[in-house]
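Below is one structure; the comments refer to it alone.
Lettering follows sequence order; numbering is per chain, from 1.
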Number of protein chains: 2
Amino acid sequence: MRSHSHTANAVTAQSEAYSPCENCNVAGMSLCHALSCEELRELSAISTSLEVGRGVTIINETDPAEYLFNVTAGSVKLFKLLPDGRRQMTGFLFPGDFLGIAMNDLYAYSAEALEDSRLCRFPREKLEGLLNRLPQLEHRLLNMVSHELVLAQDQMLLLGRKTAVEKVSSFLISLVKRAGKPSTERQLVALPMGRSDIGDYLGLTTETVSRTLTNLKKQKIIAIPSGGGIEILDQESLDELAEGLD
Amino acid sequence: MRSHSHTANAVTAQSEAYSPCENCNVAGMSLCHALSCEELRELSAISTSLEVGRGVTIINETDPAEYLFNVTAGSVKLFKLLPDGRRQMTGFLFPGDFLGIAMNDLYAYSAEALEDSRLCRFPREKLEGLLNRLPQLEHRLLNMVSHELVLAQDQMLLLGRKTAVEKVSSFLISLVKRAGKPSTERQLVALPMGRSDIGDYLGLTTETVSRTLTNLKKQKIIAIPSGGGIEILDQESLDELAEGLD
DNA sequence: GCGTCATATTGACCTACATCAAAGACACAC
DNA sequence: GTGTGTCTTTGATGTAGGTCAATATGACGC
């Protein structure tokens with residue numbers, strides 16, 4: 001399971017009986033959060049649990065949007081492409097996040113697993129039927145999409161107006177926040193994505209990401225342990241760098 | 001009513017009796033679209049119509065998010081600022097669009113009228129109460145926010161990966177689309193915003209926007225009539241430039 | 001151990017766009 | 001008409017980050 005672009009056919013589906021929503025271990029942010037037992041059971045009935053290996057394509061931009069997904073384990077990257085191959089990441093997803101937003105019934109982006117991951121899959125049509133009967137669910141979804149939109153606007157500010165250091169610092173900080181920080185100094189944050197994924201997320205090249213990280217390392221603001229991931233040594237300086245305060 | 005930053009106090013409020021939703025002339029995309037008469041009346045009961053002059057600040061980033069708004073006439077710009085004053089436009093709004101998305105009950109961006117405009121204002125608390133009773137309304141809102149999110153992702157691709165010509169071309173095309181094109185050749189599109197607003201929307205400087213426009217003019221792809229606005233002379237070339245196909 | 005492959009880092013050079021600066025082009029007041 | 005303020009255009013020059021190219025590092029298989 002090493003190569004770069006399998007199709008969604010390669011996913012492994014399990015029936016909902018095997019892995020029902022009741023046993024779902026996703027913390028607080030998932031689609032199913034804040035539903036009653038009865039509602040959970042209804043949602044469970046239309047969902048399927050999927051395992052996807054690292055590098056597997058989950059959805060393809062401009063394919064018909066048949067499903068919505070909820071990440072339950074692992075991580076996923078979302079991206080859009082220009083005809084000549086230039087790529088823009090639109091997000092990295094972790095357990096609890098959803099994907100499958102569409103435009104005219106076509107997916108608005110492609111999605112690929114960053115590592116071996118598990119997803120919960122909902123047929124769009126059936127889910128929309130459920131939405132009409134479970135206002136709690138629709139409410140939840142509205143909150144999640146609104147939250148996404150706010151993050152997207154932050155990202156526009158980053159892409160349009162921040163410098164390379166500011167971009168990389170902001171990115172590291174957002175990862176720390178996502179990880180639900182125990183707020184100790186010397187925070188270690190996992191980086192399941194490669195430098196070029198980060199570059200395509202920040203509107204930079206691989207090389208610039210690399211150079212910027214080694215600069216931060218030289219300033220003792222971060223450390224780059226050989227096991228992968230990044231250690232935040234000086235959160236305060238990083239916060240200032242991210243907003244251009246220096 | 002000429003200067004640059006009045007506060008929201010300067011807006012003129014009218015009671016809902018004066019300008020109720022029933023008389024609202026906004027086409028098809030507004031919040032209130034697709035509601036029954038009964039529902040419209042409920043919505044009308046909590047809404048207030050506002051007139052704001054050009055340059056007036058409607059909401060301020062990080063202020064408590066007390067209201068949601070729906071643009072019914074004119075146009076509005078949304079933006080975020082960095083501490084040192086760098087600005088990123090997150091959107092231009094026209095009749096039918098809404099604003100007031102929040103994060104932790106604080107507005108996620110500032111909004112200012114581009115020209116004399118009219119808005120429909122809803123107290124957030126009351127609107128959320130309504131949402132629980134009017135699933136149609138919540139459904140509508142979910143669709144609008146999802147649509148916004150898709151556009152935001154397109155904008156990320158633009159900001160992170162497109163060149164200046166591609167950005168400006170994409171921008172002009174999106175304006176044509178928004179205007180609901182009668183699809184004649186020689187399309188005239190209004191530009192209520194200045195060059196520097198456009199620059200801050202596209203992640204460019206005023207000068208680069210200006211230079212790029214005069215280049216397009218020299219290539220006979222657009223014309224810049226002295227009355228303001230821009231005339232699209234060669235839509236096809238513009239489409240190709242926008243996607244980097246040349 | 002060694003070889004292979006993928007990804008990351010570092011260096012030398014280049015360019016698209018920013019910055020700085022100066023001149024037009026309007027609009028409005030008087 | 002003339003003056004004033006704002007916005008746009010054009011030109012000259014600078015630079016952050018891109019591009020091209022050469023190592024370096026690490027993971028895995030044998």
Side-chain angles (χ1 to χ4, degrees), chain A residues 1-5 54-55 77 82 84-88 114-116 158-169 171 191-218 222-230 241 244 246, chain B residues 1-5 53-55 77 82 84-88 114-115 158-169 171 191-218 222-230 241 244 246:
Chain A
M1 201 58 88
R2 312 277 321 295
S3 80
H4 226 255
S5 264
R54 178 177 129 87
K77 64 184 179 194
L82 284 170
D84 66 359
R86 277 173 288 169
R87 188 176 65 159
Q88 177 66 43
L114 280 168
E115 51 190 324
D116 294 354
L158 178 148
L159 290 169
R161 287 303 181 213
K162 288 190 179 179
T163 65
V165 211
E166 290 163 2
K167 285 175 174 181
V168 172
S169 305
F171 173 65
L191 280 190
M193 69 294 286
R195 298 287 185 270
S196 100
D197 288 338
I198 298 175
D200 285 346
Y201 183 62
L202 301 177
L204 300 171
T205 57
T206 310
E207 295 92 325
T208 300
V209 172
S210 183
R211 278 187 249 272
T212 307
L213 286 173
T214 66
N215 280 348
L216 291 175
K217 187 172 69 179
K218 281 176 189 155
I222 63 171
I224 308 183
S226 60
I230 291 216
L241 284 178
D246 37 22
Chain B
M1 199 61 87
R2 311 276 324 297
S3 78
H4 226 256
S5 264
R54 178 176 130 88
K77 63 184 178 193
L82 284 170
D84 65 0
R86 277 174 288 170
R87 187 176 66 157
Q88 177 65 43
L114 280 167
E115 52 192 321
L158 179 147
L159 289 169
R161 288 303 181 212
K162 288 191 178 178
T163 66
V165 211
E166 290 164 2
K167 285 175 173 181
V168 171
S169 304
F171 174 65
L191 281 189
M193 69 293 288
R195 298 285 186 270
S196 99
D197 288 338
I198 299 175
D200 284 345
Y201 183 62
L202 301 177
L204 299 171
T205 57
T206 312
E207 293 94 325
T208 300
V209 172
S210 181
R211 278 186 249 271
T212 306
L213 285 173
T214 67
N215 280 347
L216 291 175
K217 187 172 69 180
K218 280 177 190 158
I222 63 171
I224 308 182
S226 62
I230 292 219
L241 283 178
D246 36 21

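The line from OG1 of Thr206(B) to CZ of Arg195(B) is 10.0 Å long, rounded to the nearest 0.5 Å.
Listed here is the closest heavy atom pair of Gln88(A) and Asp200(A): NE2-O, 3.0 Å. Between Arg161(A) and Leu82(B), the closest heavy-atom pair is O-CD1, 4.2 Å. Looking at every heavy atom in both residues, Tyr201(B) comes nearest to Leu159(B) through O-CD2, 3.7 Å. Of all non-hydrogen atoms in Gly229(B) and Pro225(B), the two that sit nearest each other are O-CD, 3.7 Å.
At the heavy-atom level, Thr214(A) lies under 4.0 Å from the strands shown only through sugar-phosphate atoms.
When the side-chain contact (heavy atoms from CB on, under 4.5 Å) test is applied to Glu166(A), the partners found at least two apart in sequence or on another chain are Lys162(A), Thr163(A), Arg86(B). In terms of the side-chain contact (heavy atoms from CB on, under 4.5 Å) criterion, residue partners of Asp246(B) (sequence neighbours excluded) are, by chain and number, Leu241(B).
Contact check of residues 192-208 of chain A against DNA chain C (heavy atom, cut-off under 4.0 Å) returns Gly194(A), Arg195(A), Glu207(A). Contacts between residues 158-167 of chain A and DNA chain C, counted as heavy-atom distances below 4.0 Å, involve no residue at all.
The distance from atom CD1 of Ile224(B) to atom C1' of dC7(D) is 14 Å, rounded to the nearest whole Å. In this structure, the CZ atom of Arg86(B) is 13 Å from the P atom of dA18(C), given to the nearest Å. Note: CD (Glu115(A)) to P (dA27(D)) measures 16 Å, nearest angstrom. Protein atom CG of Leu213(A) is 17 Å distant from nucleotide atom P of dT7(C), rounded to whole Å. Between the CZ atom of Arg211(B) and the C1' atom of dC17(C) there is a distance of 9 Å, given to the nearest Å. Between the CG atom of Asp84(A) and the P atom of dT19(D) there is a distance of 11 Å, given to the nearest Å.
Across the helix from dG1(C)-dC30(D) to dC30(C)-dG1(D), the helix axis at one end is tilted relative to the axis at the other end by 40° (nearest 10 degrees, each axis from five pairs).
For the pair Arg87(B) and Asp197(B), the minimum side-chain heavy-atom distance is below 4.5 Å. Between Leu204(B) and Ile198(B), every side-chain heavy-atom pair lies at or beyond the 4.5 Å cut-off. Residues Ile224(B) and Leu216(B) have side chains not in contact (no heavy-atom distance under 4.5 Å, counting atoms from C-beta outward).
The base of dT6(D) does not come close enough to the side chain of Arg54(B) for any donor and acceptor atom to sit less than 3.5 Å apart.
The list of side chain to side chain donor-acceptor pair (under 3.5 Å) pairs with a residue in residues 209-218 of chain B, not counting sequence neighbours, is empty.
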